Amino acid sequence: MIDPSIVLPDDASFGPDVQPDYPGYRSTALRVPKRRLETLPEELHALDGPVFGEDALDPLDNDLTAGHAGEPLGERITVSGRLLDGDGRPLRGSLVEIWQANAAGRYHHEVDRHPAPLDPNFTGAGRCLTDDEGRWSFATVKPGAYPWGNHENAWRPAHIHFSVFGRAFEQRLVTQMYFPGDPLLAYDPIFHAVRDPRARETLVAQFDLAGAQPERSLAYDWDIVLGATPVET
Ligand SMILES: [Fe+2]
């Protein structure tokens, strides 16, 4: 359900091949493409994207609870899934990067002035390569909600930022993963900037009790499918 206080654009103002501007999400006006979007010609699909070798990563780069003097505060979770292409085939050896706020909703970043506590044992960034089945996994803590000043009493739902490269440059994707049952989803203009309700739901991870580690952490599962990102022409 969409909260009625969120301003929705007129559906007639854009077609399926035009990225919608979203009036309720103020800063997106400077980011959204203004011209028609088109898929790149077939011959450009084959251009290789960046390749990262195993030796470029530390084995603990995907454990955001490690690397500090102590354990971070918050609810420990494992977030994992598969990276797939549009035909459901696994994308192997592909770099997946994440960043997030700590359990109190504060980023370890100098421009974050939210007066929630920093956690000396949590920096909030990680990365890994997908395995032969396209699987990736991170150990972390559940991020807290935080205010973001977009409108009166605006709070972001808990989310984790993702950056994936895929196999070719046109598969580059920067997105956000959300948590099921979060009451703030109904009020979030960024979440609702994805207009198709079915597409929007794909941004929400599945709770995965079978993936939980007894006495250690809960788990969420979230698959990422990379199609061809259209570009401005
Ligand atoms: Fe964020």
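Bear in mind the structure is a predicted one, so any value in this text is a computation, not a measurement. Note that ligands are numbered from 1 as they come in the structure, with each ligand's atoms numbered from 1 the same way.
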Least distance between heavy atoms, Leu218 atom then Ala212 atom: CA-CB, 3.9 Å
Salt-bridge contact Asp131-Arg92 (side-chain N to carboxylate O under 4.0 Å): no
His161 and His159 aromatic ring geometry - parallel, tilted or perpendicular at 30°/60° bounds: perpendicular
Working for side-chain contact (heavy atoms from CB on, under 4.5 Å), residues Phe122 and Leu73: CA-CA 8 Å; Phe122 191 76; Leu73 294 172; over 6 Å; no
Validation row, ring centre Tyr146 to ring centre Tyr107 under 6.0 Å: yes
Output field: ring centroids Phe162/Trp99 closer than 6.0 Å: no
Total protein N, O or S atoms, the Fe ion (ligand 1), separation less than 2.8 Å: 4
